[in-house]
Amino acid sequence: MCEVNGEDKHHNLNKAMSTDPDDYIIIKEGEAEILMHAKNEVFYNKAQVNNRDMSIAVLRTFLSKCKEEHEAMLNKKIKKIGQRVSSEEGCCQSLSEETMRQNGEIVKDECKVEGDEENGEQVQNESGDASEEAAKEADGKRRELKPAKVLEALAASGLRALRYAREVEGISQVIALDNDPVSVEACKRNIKFNGSVAGSKVEAHLADARVYMLMHPKEFDVVDLDPYGSPSVFLDSAVQSVSDGGILMCTATDMAVLCGGNGEVCYSKYGSYPLRGKYCHEMALRILLACIESHANRYKRYIVPVLSVQMDFYVRVFVRIFTSASAMKNTPLKLSYVYQCVGCDSFHLQCLARTVSKNNNSVRYLPGYGPVVPQECSDCGKRFNVGGPIWSAPIHDQDWVSSILSSVKSMRERYPAYDRISAVLTTVSEELPDVPLFLSLHNLCATLKCTSPSAVIFRSAVINAGFRISGTHVDPLGLKSDAPMDVIWDIMRCWVKTHPVKAQASDQSGSVILAKEPTLQANFARAVSSLSGALAKKVARFLPAPEKHWGPKLRAVAFRNFRRYWM
């Protein structure tokens, strides 16, 4: 390959930056507009409108929650000050009466009345002075909540940053970064194109996001990572740049890696080994959360997920980050290994740690008990694959989900992808928050080679057996339940008794499962709560792609040229 000198590099890069107005088209999304080059010199994907709308919805709720938390904190401080003042007033009054008795001033009734009146005036004055001091102290501590600072680490055209600045109230500054000169120029051009509001809030910088975030620790209330591929190289610096109580919004589009296509690559990037099951997309979410938590723990920080979704061709998580060395110790309680049977759909979780309470109300952390499974599956007799560790704690905060959904519905016209994000949020709001992963009813039936019961019938059997069950936003056929696997297979055995199957080879997993008699007699009578609220109201939950080829796009041409000449 021939060597390219510096002048040729600049010549080729400048050539890509066309200044002819006819070479651009105007793309409008929400309240923002960008100038897009016809040759795709800067990356833009229309399909990510779902991602951007969901991020704006979460950001609005985050700022609203921050205001509520700020007011609650101030009220708590004022209450403490008031209690302290009341305590001091009581002490002063007692001391005053004791002094009067010792000096012999309380002798006669008239003198007593006169003394009480004077003492009352004195206490009242002291009380007023103390109240004024308390009010001044409260006002001193009543700091106004500062407007949020947002960092978009990988800005490209700057569309996301512009939408944040123009559509979300309570933001003072949006920093848009990119290490591609063409993208930064395009971002600056789009900032000017969007007028004074965008110009006063959005700044575009040519910088390596990792270095920039390391140089600004705990500075940003919101950090948005939406890379082309894996976010793993940005996570360590990202968790350091988020302020205490701030939110990190992170996307991963390398789904083939996260879903088990290349397990060794996933382990090298995220520190977890994936399994190829029907729940692989939810497992991808949980692997990403475990990875973020691992990076945060290195700096005595921990995460609290508020929303985690799998949409289109990527996963997206929204986590708040806090600093606490003591709370960080609970991390092993939130992580688990997954044992997946190779013959049937049985899976089991093994928590990394457990706690034991001491007599002095302290807690001791110990390794988790194990193994949770024998060498061979108790249902079909096959071996287990092991994956993880994954985040096994809740991946959503249902209070947040309800608030986000209500906010989205109240501002329907401001979300270009309203139908899709409301459908996802509706499904998420009905998920069991404390049940990791899920089963596929069709896979259960495929193992037994039987006809499938309807989802309502199967749900009813689980509910009638005394367990909970729900759907999942990841898969329309997925079912989350806290029922153990032996109960699930007993329900299927009872179903097969009334819906016989053809004879199978004795060594098949389905034959081994059906050879056992059920210990639970399933009740398939329709349960009242067997139908989800959204389904009962006929609310759309899983929508088709709005157009053909709705998915990931090629990298921008300018970025590929930049890598060719500079890397």
Side-chain angles (χ1 to χ4, degrees), residues 29-32 44-65 148 150-156 159-169 171 174 221-227 231 246-253 255 281-282 284-285 288-289 292 304-320 395-431 472-474 534 539-546 550-552:
E29 185 179 291
E31 296 181 15
Y44 165 75
N45 189 357
K46 184 179 179 181
Q48 289 290 70
V49 62
N50 299 330
N51 187 316
R52 289 184 283 268
D53 272 10
M54 185 71 78
S55 301
I56 288 172
V58 173
L59 186 50
R60 283 177 173 146
T61 302
F62 168 70
L63 296 177
S64 174
K65 294 284 185 182
V150 181
L151 173 68
E152 189 189 0
L154 306 155
L159 176 58
R160 187 186 299 264
L162 291 168
R163 289 197 63 186
Y164 287 164
R166 297 196 60 170
E167 298 181 35
V168 182
E169 296 180 0
I171 292 178
V174 182
D221 304 289
V222 182
V223 173
D224 193 318
L225 290 178
D226 187 18
I247 191 167
L248 171 64
M249 307 189 286
C250 180
T251 302
T253 60
M255 297 303 291
H281 290 94
E282 182 178 330
L285 279 169
L288 179 57
L289 289 171
I292 298 173
V304 177
V306 297
L307 179 66
S308 309
V309 294
Q310 186 269 320
M311 296 170 62
D312 299 326
F313 52 91
Y314 57 88
V315 290
R316 177 85 163 161
V317 298
F318 303 86
V319 300
R320 297 190 71 181
I395 61 175
H396 314 294
D397 184 320
Q398 292 298 339
D399 178 53
W400 274 67
V401 174
S402 299
S403 300
I404 296 168
L405 184 57
S406 300
S407 173
V408 168
K409 288 181 177 179
S410 66
M411 295 187 285
R412 176 173 183 167
E413 69 284 349
R414 300 188 67 179
Y415 293 99
Y418 169 80
D419 292 338
R420 182 61 194 278
I421 65 171
S422 63
V424 171
L425 289 169
T426 299
T427 313
V428 167
S429 68
E430 296 180 343
E431 284 186 7
T472 171
H473 79 280
V474 174
V539 177
R541 297 175 301 153
F542 297 92
L543 301 178
W550 187 263

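What you see below is based on every heavy atom in this structure, not just the backbone, and it leaves out hydrogens, waters and symmetry mates.
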For a 4.5 angstrom cut-off between non-hydrogen side-chain atoms, does [X] reach [Y]?
X    : Y    : answer
N51  : R316 : yes
N50  : Y314 : yes
M54  : F318 : yes
T251 : P231 : no
F313 : Q48  : yes
T427 : T472 : no
V309 : V317 : no
L248 : L225 : yes

Tell me whether [X] contacts the main-chain N or O of [Y] through its side chain, where contact means a donor paired with an acceptor under 3.5 Å.
X    : Y    : answer
S406 : S402 : yes
E167 : E31  : yes
H396 : V428 : no

**Prompt:** Is D399 salt-bridged to K65, going by a charged N under 4.0 Å from an acidic O?
**Reply:** yes
**Item:** SB check D312 R420 (cutoff 4.0 Å)
**Value:** yes
**Message:** Out of the candidates I395, T61, L425, only one should pair with L307 under the side-chain contact (heavy atoms from CB on, under 4.5 Å) rule; please name it.
**Reply:** L425
**Prompt:** When rounded to the nearest 0.5 angstrom, what is the spacing between CG in L59 and OG in S407?
**Reply:** 10.5 Å
**Asked** How would you list, by chain and number, every residue that makes a salt bridge (Lys or Arg N to Asp or Glu O under 4.0 Å) with R52, sequence neighbours excluded?
**Response** E29
**Message:** Please evaluate residues I171 and D221 with respect to the criterion side-chain contact (heavy atoms from CB on, under 4.5 Å), reporting the C-alpha separation (whole Å), side-chain torsions for both, the decisive distance (0.1 Å), and the verdict.
**Reply:** CA-CA 10 Å; I171 292 178; D221 304 289; over 6 Å; no
**Request:** Decide yes or no on side-chain contact (heavy atoms from CB on, under 4.5 Å) for V315 and H281, but give the supporting numbers first.
**Result:** CA-CA 8 Å; V315 290; H281 290 94; 5.6 Å; no
Can you see which heavy atom on [X] is nearest to which on [Y], and at what distance?
X    : Y    : result
V319 : I292 : CG2-CG2, 4.4 Å
S422 : D419 : OG-O, 3.1 Å
Y415 : A57  : OH-CA, 3.5 Å
F62  : G246 : CZ-CA, 4.0 Å
R163 : A32  : CG-CB, 3.7 Å
D53  : A417 : OD2-N, 2.6 Å

**Request:** Test E431 against H473 for side chain to side chain donor-acceptor pair (under 3.5 Å), laying out the working first.
**Result:** CA-CA 8 Å; E431 284 186 7; H473 79 280; 2.6 Å; yes
**Message:** Would V168 and I56 count as a side-chain contact (heavy atoms from CB on, under 4.5 Å) here? Give the steps.
**Reply:** CA-CA 7 Å; V168 182; I56 288 172; 3.9 Å; yes
**Message:** Set out, in order, the CA-CA distance, both residues' side-chain angles and the distance that settles side-chain contact (heavy atoms from CB on, under 4.5 Å) for T426 and L405, then state yes or no.
**Reply:** CA-CA 7 Å; T426 299; L405 184 57; 4.0 Å; yes
